[in-house]
Colleague: 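Pasting in a structure now, in structure tokens, and then I'll have a few things to ask.
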Protein chains: 2
Amino acid sequence: MTEQKIPKATAKRLPIYYRYLNILKDADKTRVSSTELSDAVKVDSATIRRDFSYFGALGKRGYGYDVESLLKFFKKILNQDKLTNAALIGVGNLGNALLNFNFHQNSNVRISAAFDVRPDLANTVQSGVPIYPMAELRKQLEDQQIKIVILTVPSSVAQDVTDEAIAGGVRGILNFTSLRLSVPKDVRVQNVDLTNELQTLIYFLDHYNDED
Amino acid sequence: MTEQKIPKATAKRLPIYYRYLNILKDADKTRVSSTELSDAVKVDSATIRRDFSYFGALGKRGYGYDVESLLKFFKKILNQDKLTNAALIGVGNLGNALLNFNFHQNSNVRISAAFDVRPDLANTVQSGVPIYPMAELRKQLEDQQIKIVILTVPSSVAQDVTDEAIAGGVRGILNFTSLRLSVPKDVRVQNVDLTNELQTLIYFLDHYNDED
DNA sequence: TTTTTATTGAAAATTATTTCACAAAATAGC
DNA sequence: GCTATTTTGTGAAATAATTTTCAATAAAAA
Ligand SMILES: NC(=O)c1ccc[n+]([C@@H]2O[C@H](COP(=O)([O-])OP(=O)(O)OC[C@H]3O[C@@H](n4cnc5c(N)ncnc54)[C@H](O)[C@@H]3O)[C@@H](O)[C@H]2O)c1
Ligand SMILES: NC(=O)c1ccc[n+]([C@@H]2O[C@H](COP(=O)([O-])OP(=O)(O)OC[C@H]3O[C@@H](n4cnc5c(N)ncnc54)[C@H](O)[C@@H]3O)[C@@H](O)[C@H]2O)c1
């Protein structure tokens with residue numbers, strides 16, 4: 001499955017490139033240079049060239065990169081040529097905002113099922129997504145072959161819910177809770193910790209004056 | 001302002017440590033070892049010790065770290081001993097979820113003002129936070145001395161809104177839009193790009209089987 | 001056609017971060 | 001008080017990521 005492993009730092013930048021290439025395509029641009037890309041995505045141009053070079057020689061010297069073919073390449077690499085279904089667990093404040101958001105607009109991901117303990121939410125539909133009771137979590141994940149979960153439950157129940165989701169076959173978790181989840185090593189957790197982000201921002205403001 | 005610069009990677013972990021120390025304190029634990037912390041926050045214990053050591057010798061050999069004094073230390077470092085006001089711009093889907101969320105519960109940050117173009121939102125109060133029309137952005141930021149902005153407007157207007165906020169004295173931006181903002185070098189942007197996070201998660205699942 | 005200019009790709013150098021491994025110090029048990 | 005045990009703090013090594021540099025090549029201009 002793994003061709004040749006690219007650096008994690010590079011992998012995290014791929015979606016950024018991908019998005020900007022889509023914008024270029026929509027604007028009918030046919031070519032782009034690493035410097036131009038650099039301006040738009042705020043990544044050093046040498047880093048961009050280095051990133052791209054892990055996948056082979058994608059550009060042409062003296063010319064730059066062809067938008068169309070680069071886009072096609074990244075679409076495949078990022079699995080954006082097929083639809084990925086995800087489940088959302090915890091239809092509260094944040095969960096609702098995510099349900100309403102159309103991820104499918106600029107990525108080939110959609111939330112195809114949601115879950116919550118609240119009895120009044122069970123078996124309703126929010127923004128076109130059916131909400132199931134927690135009792136059905138495992139079954140639905142299995143039936144729908146869902147491998148990715150967005151976790152927006154209270155931190156206090158996050159580990160339990162996670163264990164259940166993994167039992168249902170989940171392989172990746174986008175974790176919005178403040179808990180650092182314990183998972184088997186073949187399950188990947190991506191933490192999005194908004195309180196942390198704010199605190200980090202404050203720390204940087206106080207301790208790193210301008211430079212970087 | 002900058003004592004001695006600690007690695008950025010370390011800085012990003014400080015809020016994680018801080019949160020867990022609060023949990024320990026609430027549970028009346030008086031001591032903690034780097035291994036125990038490691039289990040909870042999923043950071044290698046050697047990394048934790050190294051991180052702490054940038055601030056001097058905070059622990060005691062054969063004993064570990066004193067929860068209370070470590071907590072007090074990090075509270076100061078992270079500026080959590082004083083209240084930080086932030087503004088939120090764009091009271092839509094996501095903006096509303098953030099407004100409702102009580103950041104103040106586990107961090108000394110609160111959203112003290114919100115802004116939106118929608119005339120029906122102007123001069124109302126949501127979750128205790130006054131919403132102002134955009135025309136007042138600059139004045140309110142200046143009057144309230146707000147240095148931090150949470151940006152949840154559509155990407156298409158993100159740069160314009162940013163420019164205006166910076167003119168109002170803002171120094172840090174938590175950017176939820178998909179646009180990579182252009183800012184003067186003394187302004188810091190922390191990007192939270194949820195579509196990216198999902199795509200990165202998918203990439204890792206497809207290309208990095210278990211290991212790391 | 002020749003020259004100039006633009007731009008990549010890759011090697012090398014640099015910088016940043018993590019991990020190993022262990023002496024030093026403190027505690028805990030007896 | 002002595003010994004075994006625990007656990008820190010940190011040099012040194014390993015690993016990861018970024019940046020510099022420049023030869024090679026393509027395109028554009030002369
Ligand atoms: N809202 C924010 O802006 C924000 C910001 C930072 C962090 N977070 C984190 O995101 C998570 C969700 O936040 P929120 O504000 O949406 O909270 P919320 O309380 O509004 O929503 C949580 C939802 O989870 C459901 N739930 C509770 N227990 C459950 C269970 N066992 N199984 C399934 N569903 C269950 C609740 O019924 C509720 O609908 C929390 O962990 C919070 O710390 C939220
Ligand atoms: N909602 C999500 O889950 C989600 C997920 C990923 C990214 N995002 C990003 O977050 C941002 C907000 O998303 P959303 O779903 O809340 O959108 P939204 O459309 O629900 O909210 C945007 C708000 O901004 C206001 N607005 C528009 N122009 C403005 C201006 N010039 N000045 C001030 N306010 C203005 C609108 O009135 C609206 O209330 C977008 O950039 C979106 O791409 C959202």
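In what follows, every chain begins at residue 1, and chains take the letters A, B, ... in the order their sequences are listed. Both backbone and side-chain heavy atoms feed into the values below; hydrogens, waters and symmetry mates do not. Predicted model only: the values in this text are computed from it and were never measured.
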Colleague: Does B:Tyr63 or B:Asp44 map to a spot on DNA chain C nearer the 5' end, using the closest nucleotide for each?
Modeller: B:Asp44
Colleague: Rounded to whole angstroms, how far apart are CG on B:Leu70 and P on D:dT8?
Modeller: 11 Å
Colleague: Report which part of the nucleic acid A:Tyr65 touches: base, sugar-phosphate, or nothing (heavy-atom distance under 4.0 Å, all strands).
Modeller: sugar-phosphate
Colleague: Nearest to the side chain of B:Ser53, which nucleotide is it out of D:dT10, C:dA26, C:dT8?
Modeller: D:dT10
Colleague: Applying a 4.0 Å non-hydrogen cut-off, can you work out what A:Ala9 is touching in the nucleic acid: base, sugar-phosphate, or nothing?
Modeller: sugar-phosphate
Colleague: Quick one: is the NZ or CZ of B:Arg31 closer than 6.0 Å to the six-membered ring centre of B:Tyr63, and within 45° of its axis?
Modeller: yes
Colleague: Hey, which of A:Ile77, A:Leu14, A:Asp51 is the one that makes side-chain contact (heavy atoms from CB on, under 4.5 Å) with A:Ile6?
Modeller: A:Leu14
Colleague: Using whole Å, what does the distance between atom P of nucleotide C:dG9 and atom CD1 of A:Ile48 come to?
Modeller: 12 Å
Colleague: Nearest whole angstrom, please: distance from the C1' of C:dT17 to the CG of B:Leu14.
Modeller: 15 Å
Colleague: What's the closest nucleotide to the side chain of A:Ala46 if the choices are D:dT20, D:dA17, D:dT18?
Modeller: D:dT20
Colleague: At under 4.0 Å between heavy atoms, what does A:Ser34 touch on the DNA or RNA strands: base, sugar-phosphate, or nothing?
Modeller: sugar-phosphate
Colleague: Does A:Thr10 have a side-chain nitrogen or oxygen under 4.0 Å from the phosphate oxygens OP1 or OP2 of D:dA17?
Modeller: no
Colleague: What residue among A:Leu88, A:Leu98, A:Asn191 forms side-chain contact (heavy atoms from CB on, under 4.5 Å) with A:Phe176?
Modeller: A:Leu98
Colleague: Is the phosphate of C:dT17 approached by B:Thr47 (side-chain N or O, under 4.0 Å from OP1 or OP2)?
Modeller: no
Colleague: When the distance from NZ of A:Lys5 to C1' of D:dA17 is rounded to whole Å, what number comes out?
Modeller: 16 Å
Colleague: Between C:dA28 and B:Arg61, is there an OP1 or OP2 to side-chain N/O distance shorter than 4.0 Å?
Modeller: no
Colleague: For the pair made of CD in B:Glu36 and C1' in D:dT8, what is the distance, rounded to whole Å?
Modeller: 15 Å
Colleague: Can a salt bridge be assigned to the pair B:Glu142 and B:Arg138 using a cut-off of 4.0 Å between side-chain N and carboxylate O?
Modeller: yes
Colleague: Given D:dA12, is OP1 or OP2 found less than 4.0 Å from the side-chain N or O atoms of B:Arg50?
Modeller: no
Colleague: Could you walk me through whether B:Asn22 and B:Leu24 satisfy the side chain to side chain contact (heavy atoms under 4.5 Å, CB included) test, starting with their C-alpha distance in whole Å, then the side-chain angles of each, then the deciding distance to 0.1 Å, before giving a yes or no?
Modeller: CA-CA 5 Å; B:Asn22 272 304; B:Leu24 288 175; over 6 Å; no
Colleague: Can you figure out which of D:dT18, D:dG9, D:dT7 approaches the side chain of A:Arg13 most closely?
Modeller: D:dT18
Colleague: Please compare A:Asp51 and B:Arg49 by the position of their nearest nucleotide in DNA chain D and report the one closer to 5'.
Modeller: B:Arg49
